[in-house]
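The structure appears below as C-alpha cells.
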Amino acid sequence: VQLQASGGGLVHPGGSLRLSCAASGNIFRINAMSWYRQASGKQRELVATITSSGRTNYADSAKGRFTISTDDARDTGYLLMTNLTPEDTAVYYCYAEITVSTVMTYYSDKYWGQGTLVTVSS
C-alpha cells in the first residue's frame with residue numbers, strides 16, 4: 001500500500017488549496033485518514049482526522065477553515081484549506097490506517113504519504 005499526497009503549492013494569504021492523498025494497493029477499506037503538517041523548525045502536528053464512519057476532528061487552528069473528506073470509491077482523501085495564512089505554511093503529510101486484503105486474510109496497518117509543501121505568502 002502506498003499513499004501519494006499532492007496539491008501543495010504557493011498561495012496568497014486568504015487563498016485556498018485542496019490537498020489530495022491517493023491510496024493504492026490491495027485496499028479493502030480506509031479505516032481513518034489524517035493530515036499532519038510540519039513547519040520549518042517545528043514538530044509535526046495533527047491537523048485533521050476522518051474515520052470510515054465520517055466522524056471528523058480538527059485542530060483548533062483548522063476549525064472553520066479546513067475540511068477533511070474521503071472518496072471511498074477512489075480510495076482518496078482530501079483536505080480543503082481555505083482562508084490560508086502564512087502560519088499555515090508547512091509540509092503536509094497524509095496518514096491512514098488501512099485494512100489490506102490479501103489472498104488469505106485481511107490485516108490493518110498504518111501508512112504515511114510523502115509530504116506536499118504548502119507555502120502561504122504574498
Side-chain angles (χ1 to χ4, degrees):
V1 172
Q2 289 187 328
L3 298 180
Q4 179 72 38
S6 61
L10 174 64
V11 62
H12 292 308
S16 300
L17 276 178
R18 189 179 78 159
L19 306 182
S20 300
C21 180
S24 60
N26 296 325
I27 298 165
F28 176 72
R29 182 180 60 234
I30 297 176
N31 302 320
M33 181 173 284
S34 299
W35 287 92
Y36 287 76
R37 68 185 182 185
Q38 187 167 18
S40 180
K42 295 186 177 181
Q43 290 187 334
R44 191 172 298 189
E45 63 176 356
L46 177 63
V47 176
T49 298
I50 186 168
T51 68
S52 59
S53 63
R55 182 175 297 179
T56 59
N57 190 49
Y58 296 91
D60 287 343
S61 59
K63 288 178 181 176
R65 299 188 302 128
F66 293 3
T67 303
I68 189 170
S69 62
T70 55
D71 183 337
D72 294 338
R74 290 182 169 83
D75 291 328
T76 300
Y78 303 96
L79 184 68
L80 174 63
M81 306 184 294
T82 64
N83 195 21
L84 287 161
T85 73
E87 288 69 36
D88 295 314
T89 295
V91 178
Y92 285 72
Y93 300 88
C94 57
Y95 174 78
E97 179 184 306
I98 295 174
T99 297
V100 180
S101 65
T102 70
V103 174
M104 299 297 292
T105 189
Y106 297 89
Y107 67 90
S108 293
D109 207 344
K110 299 175 181 180
Y111 303 88
W112 284 97
Q114 93 291 359
T116 184
L117 176 63
V118 173
T119 303
V120 184
S121 175
S122 55

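Source: prediction; values computed, not measured.
As a member of the Ile/Leu/Val/Met/Phe/Trp/Tyr network built from side-chain separations under 4.5 Å, Phe28 groups with Tyr106.
Judged by the 6.0 Å distance and 45° axis criteria, Arg44 is not positioned over the aromatic ring of Tyr36.
Within 6.0 Å of atom CD in Gln2, 12 or fewer heavy atoms from other residues, nucleotides or ligands are found, so the atom counts as exposed in its surroundings.
Taking hydrophobic clusters as Ile, Leu, Val, Met, Phe, Trp and Tyr residues chained together by side-chain heavy-atom distances below 4.5 Å, Val91 does not share a cluster with Val47. Taking hydrophobic clusters as Ile, Leu, Val, Met, Phe, Trp and Tyr residues chained together by side-chain heavy-atom distances below 4.5 Å, Leu19 shares a cluster with Tyr111. Linking Ile, Leu, Val, Met, Phe, Trp and Tyr residues whenever their side-chain heavy atoms come within less than 4.5 Å places Trp35 and Val118 in a single cluster. Ile98 and Trp112 are assigned to two separate hydrophobic clusters, defined by single-linkage of ILVMFWY side chains at heavy-atom distances under 4.5 Å. By the rule that hydrophobic residues join a cluster once side-chain heavy atoms approach within less than 4.5 Å of another member, Tyr78 and Met33 end up as members of separate clusters.
The CG atom of Asn57 sits 7.0 Å away from atom NZ of Lys63, with the distance rounded to the nearest 0.5 Å. Between Ser16 atom OG and Asn83 atom CG the span is 7.5 Å, to the nearest 0.5 Å. In this structure, CG in Asp75 is found 5.0 Å from CD1 in Ile30, a value given to the nearest 0.5 Å.
Side-chain contact check for Thr99 versus Ser108: some heavy-atom pair is nearer than 4.5 Å. For the pair Ser61 and Arg37, the minimum side-chain heavy-atom distance is below 4.5 Å. Asp88 has its side chain out of reach of Val11: every pair of non-hydrogen atoms, C-beta onward, lies at least 4.5 Å apart. Side chains of Thr89 and Ser121 form no contact here, defined as non-hydrogen atoms less than 4.5 Å apart. Side-chain contact between Leu84 and Leu17 is present, with at least one heavy-atom pair separated by less than 4.5 Å.
Considering all non-hydrogen atoms of both residues, Gly8 and Thr116 come closest at N-OG1, 3.0 Å. Heavy atoms only, all atoms of each residue included: Asp71 and Arg74 are closest at OD2-NH1, 2.9 Å. The two residues Cys21 and Leu3 have their closest heavy-atom pair at SG-CB, 3.9 Å.
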Stepwise side-chain contact (heavy atoms from CB on, under 4.5 Å) test for Gln114 and Gln4
CA-CA 6 Å; Gln114 93 291 359; Gln4 179 72 38; 3.0 Å; yes
Would Leu80 and Ser69 count as a side-chain contact (heavy atoms from CB on, under 4.5 Å) here? Give the steps.
CA-CA 8 Å; Leu80 174 63; Ser69 62; over 6 Å; no
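Residues satisfying the side-chain hydrogen bond (donor to acceptor under 3.5 Å, both in side chains) test with Ser53, not counting sequence neighbours, are Thr51.
The backbone N or O of Ile27 lies less than 3.5 Å from no partner atom in the side chain of Ser101, so there is not a single donor-acceptor pair. The main-chain N or O of Ala90 is never found under 3.5 Å from a side-chain atom of Gln38 such that the two would form a donor-acceptor pair. Formation of a donor-acceptor pair under 3.5 Å by the Tyr93 side chain with backbone atoms of Ala5 is not found in this model.
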